[in-house]
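All values below were derived from every heavy atom in this structure, side-chain atoms included, with hydrogens, water molecules and symmetry-related copies excluded. Along the sequence shown, the residues carry numbers beginning at 1. Remember, it's a predicted structure, so these values are computed and weren't measured experimentally.
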Amino acid sequence: MNKTGNTAGGRERLPPVKVLSGQLRTAESRGTADSGDGFVIKLGRGRTLLVSLVWMQGTVMDVQLDRNTVLLMDETGTFAVQGVNNIPKGKPCLSQGKYVMVMGVIQAVSPEPVIRAVKMADLSELAALHRRMWKLEVEDLQQILT
């Protein structure tokens, strides 16, 4: 797998990986959140995948603009997204009930996954389709990467 994108200090960051919140909840750290070493998620049958930048989708459950955070829920549980006030064009996504995509860097995995947003997009217009396809997309990409 090719690594793409530089981080501070010239370190390479892995490309974004589609994941479910339940997978992050059981992930193991490869260092501190600030180290950029990422987390290892277990995929079953002895397969693992190193992730640090993730692509997730879910329904907005709670918006806390004063805390710069939203709470999202996918089919495997909830996860928090920080830094939402700083995302260009992210404001339309910040309404309860919207179905959104978020790309971000993992900050914590337990007790609840927390990611720092890099990008958000509103997928509400075709939410039923996106919800149905999401788990299949996650599984497909993870099979390709392992």
Asker: Once you round to the nearest 0.5 Å, how far does OG1 of Thr59 lie from CD of Glu75?
Answerer: 10.5 Å
Asker: Is the backbone N or O of Gly77 less than 3.5 Å from a side-chain atom of Ser21, with the two atoms forming a donor-acceptor pair by type?
Answerer: yes
Asker: Following the transitive rule for hydrophobic clusters with a side-chain heavy-atom cut-off under 4.5 Å over Ile, Leu, Val, Met, Phe, Trp and Tyr, establish whether Met103 and Val105 coincide in one cluster.
Answerer: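 Looking at the clustering, Val105 is in the same group as Met103.
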Asker: Quick one: salt bridge (charged side-chain N to carboxylate O under 4.0 Å, His left out) partners of Lys42, sequence neighbours excluded?
Answerer: Glu28
Asker: Is a side-chain N or O of Asn68 found less than 3.5 angstrom from the main chain of Gln82, in a donor-acceptor match?
Answerer: no
Asker: Is the backbone N or O of Leu20 less than 3.5 Å from a side-chain atom of Asp74, with the two atoms forming a donor-acceptor pair by type?
Answerer: no
Asker: Does Leu129 reach the side chain of Arg131, with side-chain heavy atoms less than 4.5 Å apart?
Answerer: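 Not touching, per the 4.5 Å side-chain cut-off.
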Asker: Are there more than 12 heavy atoms of other residues, nucleotides or ligands under 6.0 Å from atom CZ of Arg67?
Answerer: no
Asker: Would you say that Arg47 contacts Gln143 through its side chain, given a criterion of any heavy-atom pair below 4.5 Å between the two side chains?
Answerer: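 Heavy-atom side-chain distance check passes, below 4.5 Å.
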Asker: Checking side chain to side chain contact (heavy atoms under 4.5 Å, CB included) for the pair Ile41/Thr48: CA distance, chi angles, key distance, verdict?
Answerer: CA-CA 6 Å; Ile41 58 173; Thr48 61; over 6 Å; no
Asker: What are the two closest non-hydrogen atoms of Val100 and Asp122, and how far apart are they?
Answerer: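 Minimum heavy-atom separation between Val100 and Asp122: CG1-CA, 4.3 Å.
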Asker: Without swapping roles, check the side chain of Gln96 against the backbone of Met61 for a donor-acceptor pair under 3.5 Å.
Answerer: yes
Asker: Roughly how far, to the nearest 0.5 Å, is the NZ atom of Lys98 from the CD atom of Glu125?
Answerer: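 These two atoms lie 10.0 Å from each other.
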Asker: Is there a path from Val102 to Leu71 through hydrophobic residues (I, L, V, M, F, W, Y) whose side chains come within less than 4.5 Å of each other?
Answerer: no
Asker: I'd like to know if Leu94 and Met56 are part of one continuous hydrophobic network [Ile/Leu/Val/Met/Phe/Trp/Tyr, side-chain heavy atoms within less than 4.5 Å].
Answerer: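 Result: yes, single cluster for both.
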Asker: Flag the pair Ile106 / Val109 as yes when at least one side-chain heavy-atom distance between them is below 4.5 Å, and no otherwise.
Answerer: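 They are in side-chain contact.
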Asker: Give a yes or no answer on whether the side chain of Ser52 reaches the backbone of Gly38 with a donor-acceptor pair at less than 3.5 Å.
Answerer: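 No, Ser52 side chain to Gly38 backbone: no donor-acceptor pair under 3.5 Å.
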Asker: Is the shortest heavy-atom distance from the side chain of Leu43 to the side chain of Gln23 under 4.5 Å?
Answerer: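 Sidechains of Gln23 and Leu43: in contact.
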Asker: Taking Val17 as the starting point, is it possible to reach Met133 by hopping between hydrophobic residues whose side chains are less than 4.5 Å apart?
Answerer: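 No, Met133 and Val17 fall in different hydrophobic clusters.
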Asker: Is the closest side-chain donor-acceptor distance between Gln64 and Asp62 under 3.5 Å?
Answerer: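 On atom types as modelled, these side chains qualify, holding a pair under 3.5 Å.
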Asker: Is it the case that the side chain of Ser124 and the backbone of Tyr99 share a donor-acceptor pair, with hydrogens and angles ignored and the cut-off at 3.5 Å?
Answerer: yes
Asker: Please walk me through it: do Lys18 and Gln142 pass side chain to side chain contact (heavy atoms under 4.5 Å, CB included)?
Answerer: CA-CA 7 Å; Lys18 296 177 181 181; Gln142 290 177 0; 5.7 Å; no
Asker: Please report the interatomic distance NZ(Lys135) to CD(Glu137), rounded to the nearest 0.5 Å.
Answerer: 13.5 Å
Asker: Going from CE on Met120 to CD1 on Ile87, what distance comes out if it is rounded to the nearest 0.5 angstrom?
Answerer: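 Nearest 0.5 Å value for the CE-CD1 distance: 7.5 Å.
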Asker: Within the distance-only criterion (no hydrogens, no angle test), does the side chain of Arg25 pair as donor or acceptor with the backbone N or O of Phe79 below 3.5 angstrom?
Answerer: no
Asker: Would Val63 and Leu65 count as a side chain to side chain contact (heavy atoms under 4.5 Å, CB included) here? Give the steps.
Answerer: CA-CA 6 Å; Val63 179; Leu65 293 181; 3.8 Å; yes
Asker: Please report the shortest heavy-atom distance between Ala117 and Val81, naming the atom on each side.
Answerer: CB-CG1, 3.6 Å
